[in-house]
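Positions are given from 1, in the same order as the sequence printed here. As a basis for the values below, the full set of heavy atoms in this structure was taken, side chains included, without hydrogen atoms, waters or symmetry mates. Counting starts at 1 for both ligands and their atoms, following the listed order. If you're wondering where the values come from, they're calculated on a predicted model, not measured in any experiment.
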Amino acid sequence: MSASDPGKLDRIVAEARRAAEKRERGYREKALKIYPWICGRCAREFTRANVRELTVHHRDHNHDNNPVDGSNWELLCLYCHDNQHQRYLVTAAPDEAPPSREPDRPFTPFAQLANLLKRNHTA
Ligand SMILES: [Zn+2]
Ligand SMILES: [Zn+2]
């Protein structure tokens, strides 16, 4: 068993993240091919220069539901996408909570600062 391998979980997490990113790129590209580059809410038009501000929204809020005909996708600008999710959060249970990006790290900058000050004081 390699249960003592501390890098194993990290690798699994990294792989899962990579797979999710790949999947996301996949449906995004497909959605951008199927639909005109226009926000479905505010009708803002997008070009190659700013298309990264156009996002793919899942109508049923299930990112794993990606039918090839694009029926679960809606292109929304960042702003409208945010709005859409806020509305969803107030009207329904938040089952699409954003993943916490930063792992909890016991990082205490002020403890170090205190040490530095102490050292200066005695010098
Ligand atoms: Zn919009
Ligand atoms: Zn969405």
Practice problem: Of all N, O or S atoms in His57, identify the one at the shortest distance from the Zn ion (ligand 2). | Solution: ND1
Quiz item: Looking at His81, which of its N, O or S atoms is the nearest one to the Zn ion (ligand 2)?
Solution: NE2
Practice problem: Could you check if a side-chain atom of Thr47 sits within less than 4.5 angstrom of a side-chain atom of Trp37, using non-hydrogen atoms only? | Solution: no
Self-check item: Residue that, paired with His61, satisfies ring pair (Phe, Tyr, Trp, His ring centres under 6.0 Å) out of His63, His58, His57
Solution: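 Of His63, His58, His57, ring pair (Phe, Tyr, Trp, His ring centres under 6.0 Å) with His61 is met by His57 alone.
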Quiz item: Are Leu78 and Leu75 in one and the same hydrophobic cluster, where Ile, Leu, Val, Met, Phe, Trp and Tyr link if side-chain heavy atoms are under 4.5 Å apart?
Solution: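 Different clusters.
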Exercise. Examine Phe46 and Tyr27 and state if one hydrophobic cluster contains both, with Ile, Leu, Val, Met, Phe, Trp and Tyr joined whenever side-chain heavy atoms are less than 4.5 Å apart.
Key: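 In one cluster: yes.
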Quiz item: Can you give the angle Cys42 SG - the Zn ion (ligand 1) - Cys80 SG, rounded to 10°?
Solution: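 Between SG of Cys42 and SG of Cys80, the angle at the Zn ion (ligand 1) is about 110°.
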Practice problem: For the Zn ion (ligand 2), decide whether His85 has an N, O or S atom at a distance under 2.8 Å. | Solution: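 True for His85.
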